Amino acid sequence: MSYDFNKIEDKWQKYWAEQKTFQATNPPLEGELEGIALPKFYVLDMFPYPSGAGLHVGHPLGYIASDIYARYKRHKGFNVLHPMGYDSFGLPAEQYAIQTGQHPADTTKVNIEGGVDKEGKKIKGYRKQLDRMGFSFDWSRELRTSDPKCYKWTQWIFIQLFNSWYNKDSDKAEDIEALISIFSSDGNAGVNAVCDDDIPEFSATIWKQFSNKEQQEILLKYRLTYLAETEVNWCPDLGTVLANDEIVNGVSERGGHPVTRKKMTQWSMRITAYAQRLLDGLKTVDWPQPLKDTQANWIGRSEGATAEFKVLPLAPSEGGGTSRNSRITGDSSIIGILLERAKEMRKKPTKAEAKLWEGLRDKKTGLKFRRQHPIYKYIPDFVCLEKRLIIEIDGEIHQYQLDEDAERQLILEEKKGYHFLRFTNEQVLNDIDAVIDEISNKLKVLPSGEDLGGDFSNEEDIGDIDAVFVETQRNIENSGIPPSGARGISVFTTRPDTIFGVSFMVLAPEHELVSQITTPEQKTEVEAYVEATAKRSERERMADVKTISGAFTGAYAEHPFTKEPIPIWIGDYVLAGYGTGAVMSVPCGDQRDYDFAKYFKIPIPNIFEGIDISEEAFSDKDKTIITNSDFLNGLPYKKAVKRAIFELEKLGQGEGKINYRLRDAVFSRQRYWGEPFPVYYDADGMPQMLDKKFLPLELPEVDKYLPTETGDPPLGNAKAWYWLQYGDKGKVVTKEKFESSSPSGRLGGDLELNTMPGWAGSSQYFNRYMDPHNDDEIFSQEAINYWQDVDLYIGGSEHATGHLLYSRFWQKFMFDKGLVPKDEYAKKLINQGMITGTSAFVYRTFYFYGYAHDNNAKEGVLDFIRERPILISTNHHDLLENDEYVKDFNFINEWFVSELKREFEIDDVGGINFKKTTPLHVDVSLINSSDELDIEAFKNWRPEYKNAIFILDNGERYDSNTSLEGRPAGAFTVSREVEKMSKSKYNVVSPDEICDQYGADSLRLYEMFLGPLEQSKPWNTAGITGVHGFLKKLWKLYHSGSNGEFFVNDSPPSEGLGEDLRTLHKTIKKVEEDIENFSFNTSVSTFMICVNELTAQKCHSREILESLAILVSPYAPHIAEELWQKLGHNESISKVPFPKFEEKYLVESEKEYPISFNGKMRFTMKLSLDLSKEDIEAAVMAHEKTKQQLQGRTPKKVIVVPGKIVNIVG
RNA sequence: GCUCGAGUGGUGGAAUUGGUAGACACGUUGGACUUAAAAUCCAAUGGACAUUAGUCCGUACGGGUUCAAGUCCCGUCUCGAGUACCA
């Protein structure tokens, strides 16, 4: 009986489906026993996108590996969860919808389930393709992200994120209600949250006075998903924004379209809150190092310091100040103006202010203090309203405005009855206790007044605050004091140790201070530069790193230590989006600063001991010794950094800081085919979440999938896309219906037009698989507590900074909310390598012709030549490359010329130029295993080459004139090259073809046999005969009866020489080790060796062959099931215990010792393993070949490693 | 540029803590069977010289450690991946 793989595989695939063999059981209810004793094991493949192109042999590589592992774990007694589903929202379906008008849901369904789409395209379907390979997926748990039942929970998580904020004190996400109650009791001063950086400080009183809308606006700045105007990567050709990880080299990952920066109001995810935890978590998971590195790189943590550089006032001769746009606009409320001013100042507290605030906040003095709180016409540093005590810290800036300060103190003291205390920076920083004492003493002697907090409704004040505020602004401007730069330019640096090497500062052209500090003299130049950089696209800026450009603002900053003036420049090498958008430039220590300084002839002071910086900057931290740097002199890098930070903090002009490159993730896409947001906008335009009971909010039908005429996303085309709700009843309605509904008790408004990005649906799917049909919760606590996390996750490395980072973020969020027990969801992750294609090429030569011109009669020559392209085989092409062709194959030329002459009767034809060739991709299915082209099939495939002339390997000519009988026998060999597997390269091999021809078991074995799982390797169908031959041999081993009948005998294996048991146990040991180490390629070799040996031993022992069937079953499950059944079993092999390895069968008494001389192996010698070192040495020395090798010499030394080797030196 | 990974026959790749380099396959060549092909089986197959024994060279390149190095150390080159004015 021969090995009929098609029949066998079909049979068992049906059996598994019918018997639901691989359905995983969730923990049973109490009283039921089955399943509970089994330990769990969760094996997961990354969510595939079901594309219409179907699978090629590269796709299932990871699935085969995970399937082997899952099957192995079942044999090992685990309850294995091994699900599969589809990430079925996505761009390709939508692009196809735009092109053909078909609903993406329809095409997606066909892509998964197979069939014919409306265009008449035949699609096999992912599911059928997967089933054919014999995967042990639990299909009862299938998920499709585009299924409303599935995206219901994506929407639900979105709402959870919206209703959460990140508390830095507890270092986790917390409920937004908790934040609201803090605001109502204490305001936001004591809140340590990850939030937007432009939040004004407010007291509880002010919070309560905010309108609902104002409160909502403020809360948005804290929520973990928030709506904000952000700079996004806009891709006009795709009509959508892209995430950073969707952009490669400045163009879109899909399609390579240009991307520009644009400001848009978008939903964002506050992933930055988790930056540190995402970094820390990497240490706890067993993931590939390159993947971890990529993530760490993406998060981009850098340790350093902030430093504050004061902006110096402009010399009067320079005109002082620039005109600023007045911030006062007609429609802003007065509270708004003052709050804005206050928050702007609070944003940049000086070190001394921050320190004193620590001493005053939270009623530490027994009384409530506020900082930067508007009083009458001014904003003092601190105020205790109850005691009418104002505390001011006089920094350097104060020196420039003594008069104004004196004046306002007078006004406040005399007219408003306030008391003043003034301290200097030094007092606060050096002896905070004394300062606090003085304040406390002062408070004791002052009488109590009423709390005037938020008392802005006083009519009298409102009248003139506006005017006075403007006046104050003007005064500041006229005095030559830099306006909002008064508090200086903040920079982030990882090299605070080089602060004495600063010779200039550079701001990003987009920096908000640029327009404020630029002197009138420099204004034209600066504005021209800013405009020029704004025009350059991100791509241009990135591509053009070499060109140095910038402009001087005319302004100077003050060095915090030397107090020297430092020129302030702008330049586009400083990025607005990183750090503070400004740098302190240390040209001697940073190459970019160095180049900039050289270009603009800025001095380059050297602060490195014994280092020559005349040619380039010196950035080696380890060899650094600082000099010319005051208190840092002589210090090595690390000590200098510490000291510099210490000194900066002492001055109140800086502190140690950790910076991250990671940005918040934009979560809106202007697409149709994605999860709709469960969000409507109320009458105030504020976003509101739908109640859980209304989920899922289903994707509406639209006429077309393009943006609307007004530029809205495709959902803007939906006829009904308004939310209308009264009490417990809500539904999606048309605009008209909404507007005509009764406003009384009505909730609702227009629904969000954006949809969620591709990664939304894949960020918690692994947990949803644990309880996929639960309609009440995302998963039950019983399910998550049983399955816990993914034990083995296999997928491609291309998801490193997308899915794999975002899903970790969501998992940590879910962990914070107590919904999942693990804050990392995948213990072990493997990136399978890519299987590349082996493209085939023929070469087309080009030739010129030259004949007497002006000969119209010869019109047809050109066409004649065009219709006869010459294709040469690869060896001719190689000759060509070596310039050897023309002389060897000149006869082709001669023949062609004679053809021309015959046809057109012309004498002076030039000839063929063989030098110019272009490679042409040939479909790999037209190539046999010896790389020879099927020429007739090629001509059918490419009709434009039906008249082509083929030059065969042996130089013979094959063309359309050659009769079939008289055809040259030579072969036409193509050249092959490894490329990515792709339709356009005609090198795609489909798994279905392989299954037809060799069977799924062969495919599975071969994919594993190709090489290590993680490595990328080329596909070559020819090699599959090796593993296919192995399966036939395996089959034969069980069919050694007459006429190939099934035959095993029941005699105990030990009756023979025991060799078969040795072979078996050697195999068990190796295969077990290999699977545990994910070294699947070597275990296939091991099986081959095993079968070769057992065949040679003529093994028929049932005991041995039963074990072998189990060993093979994870790899080649169909044949294993069939053999298992033939061995007399009625149950599937899939859960039979794995054979137990027993050492005793491998114990040997003898060893074939390699005998080497000076490290070179010369011969081997069989010796007993019982021998002592001395015995071995004696035996070896006595050997004839040893004497021969030594030729009479006496060895200097003899190394004997018992059980290993003997080495004779001398 | 920086970070990481990898360089072994004609090809895919093996080689455990340093201990017989090239397992297992593909391909190639020769042979058996067959009218023939396919399938199957047998033999050879890193290179060079010798064609019997054998000798020399060989794991990207150059050094080093060691009785012994594909494996460890130093330096160089090439390829691949990620990232890129990240201060």
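Bear in mind that the values here come from a model prediction, so they are computed numbers and not experimental data. Chain identifiers are assigned alphabetically (A, B, ...) following the order of the sequence lines, protein sequences preceding nucleic acid strands; residue numbering begins at 1 within each chain.
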Measure from the side chain of [X], starting at C-beta and using heavy atoms only, and say which of [options] lies closest.
| X | options | result |
| --- | --- | --- |
| A:K1032 | B:rG82, B:rU20, B:rA39 | B:rA39 |
| A:R592 | B:rG13, B:rA15, B:rC86 | B:rC86 |
| A:R661 | B:rU83, B:rC57, B:rC67 | B:rU83 |
| A:K1036 | B:rA87, B:rU40, B:rU83 | B:rU40 |
| A:V1201 | B:rU40, B:rC24, B:rG19 | B:rG19 |
| A:T1164 | B:rG12, B:rA68, B:rU20 | B:rU20 |
| A:V583 | B:rA87, B:rA14, B:rC24 | B:rA87 |
| A:K1204 | B:rU20, B:rG19, B:rA25 | B:rG19 |
| A:T801 | B:rU83, B:rC24, B:rC85 | B:rU83 |
| A:W298 | B:rU83, B:rA87, B:rU20 | B:rU83 |

**Request:** Tell me whether the centres of the aromatic rings in A:Y1006 and A:H1028 are closer together than 6.0 Å.
**Result:**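 Between A:H1028 and A:Y1006, which both carry aromatic rings, the centre distance is not below 6.0 Å.
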
**Item:** Syn/anti state of B:rG12 by chi, 90° boundary around 0
**Value:**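 B:rG12: anti glycosidic orientation.
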
**Asked** If you take atom types as modelled and just measure distance, does the side chain of A:D293 reach the base of B:rC4 with a donor-acceptor pair under 3.5 Å?
**Response**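 It does not, because no donor-acceptor pair links the side chain of A:D293 to the base of B:rC4 below 3.5 Å.
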
Need one value for [X]: base, sugar-phosphate or nothing, where a base atom within 4.0 Å counts as base even if backbone is also close, heavy atoms only.
| X | answer |
| --- | --- |
| A:T1025 | sugar-phosphate |
| A:K1196 | nothing |
| A:E1152 | base |
| A:N1081 | sugar-phosphate |
| A:R1162 | sugar-phosphate |
| A:V1209 | sugar-phosphate |
| A:N1020 | nothing |

Any strand: nucleotide that pairs with [N] via Watson-Crick or wobble, under 3.5 Å:
| N | value |
| --- | --- |
| B:rC72 | B:rG64 |
| B:rA23 | none |
| B:rA53 | none |
| B:rU28 | B:rA44 |
| B:rA14 | none |
| B:rA36 | none |
| B:rA87 | none |
| B:rG80 | B:rC4 |

**Message:** If you count heavy atoms of other groups shown closer than 6.0 angstrom to NZ of A:K638, is the number above 12?
**Reply:**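 Count not over threshold, so no.
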
**Prompt:** Counting only heavy atoms not in A:E1076, do more than 12 sit closer than 6.0 Å to its CD atom?
**Reply:**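 Buried by this count: over 12 neighbours within 6.0 Å.
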
**Request:** May I ask you to test the A:L1108-A:L1094 pair for a side-chain heavy-atom distance under 4.5 Å?
**Result:**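 They are in contact (side-chain heavy atoms under 4.5 Å apart), so the answer is yes.
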
Calculate the interatomic distance between [X] atom [atom1] and [N] atom [atom2]; express it in whole Å.
| X | N | atom1 | atom2 | value |
| --- | --- | --- | --- | --- |
| A:F1080 | B:rA14 | CZ | P | 14 Å |
| A:Q295 | B:rU3 | CD | C1' | 15 Å |
| A:K1070 | B:rA14 | NZ | P | 10 Å |
| A:W287 | B:rG5 | CH2 | P | 18 Å |
| A:I1208 | B:rU20 | CD1 | C1' | 14 Å |
| A:Y1006 | B:rG27 | OH | P | 9 Å |
| A:H1028 | B:rG12 | NE2 | C1' | 19 Å |
| A:L1003 | B:rA25 | CG | C1' | 16 Å |

Does [X] put a side-chain nitrogen or oxygen below 4.0 Å from OP1 or OP2 of [N]?
| X | N | answer |
| --- | --- | --- |
| A:Q289 | B:rG5 | no |
| A:T294 | B:rA81 | no |
| A:N1092 | B:rA25 | yes |

**Asked** Between A:M584 and A:M1161, which has a closest nucleotide on RNA chain B that is more 5'?
**Response**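 Upstream on the strand: A:M1161.
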
**Message:** Both A:S1085 and A:P1154 contact RNA chain B. Which one's nearest nucleotide lies toward the 5' end?
**Reply:**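 First, find each residue's nearest nucleotide; the 5'-ward one identifies A:P1154.
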
**Message:** Show, in sequence, the C-alpha distance, side-chain angles and deciding distance for A:T580 and A:T306, and conclude whether the side-chain contact (heavy atoms from CB on, under 4.5 Å) test is met.
**Reply:** CA-CA 9 Å; A:T580 60; A:T306 56; 5.6 Å; no

**Request:** Check whether the side chains of A:D1074 and A:T1082 place a donor and an acceptor atom closer than 3.5 Å, and report yes or no.
**Result:**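 Yes.
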
**Pair A:Y660, A:T272: side-chain N/O donor-acceptor within cut-off below 3.5 Å** =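 Short answer, no.
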
For atom [atom1], what is the distance between [N] and [M], given to the nearest Å?
| N | M | atom1 | result |
| --- | --- | --- | --- |
| B:rU66 | B:rC42 | P | 48 Å |
| B:rG82 | B:rA23 | C1' | 34 Å |
| B:rU76 | B:rC26 | C1' | 35 Å |
| B:rA68 | B:rA21 | P | 14 Å |
| B:rC49 | B:rU16 | C1' | 36 Å |
| B:rC24 | B:rC41 | P | 15 Å |
| B:rG13 | B:rU17 | C1' | 23 Å |
| B:rC61 | B:rU78 | P | 15 Å |

**Asked** Please walk me through it: do A:E655 and A:K657 pass salt bridge (Lys or Arg N to Asp or Glu O under 4.0 Å)?
**Response** CA-CA 6 Å; A:E655 60 188 332; A:K657 198 184 170 195; over 6 Å; no

**Message:** Can you classify the ring geometry of A:F600 versus A:F596 as parallel (below 30°), tilted (30 to 60°) or perpendicular (above 60°)?
**Reply:**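 Correct class here is tilted.
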
**Message:** Assess the residue pair A:S1156 and A:I1205 against the criterion (side-chain contact (heavy atoms from CB on, under 4.5 Å)); give the C-alpha distance rounded to whole Å, side-chain angles, the decisive distance to 0.1 Å, and a yes or no.
**Reply:** CA-CA 8 Å; A:S1156 9; A:I1205 199 169; 3.6 Å; yes

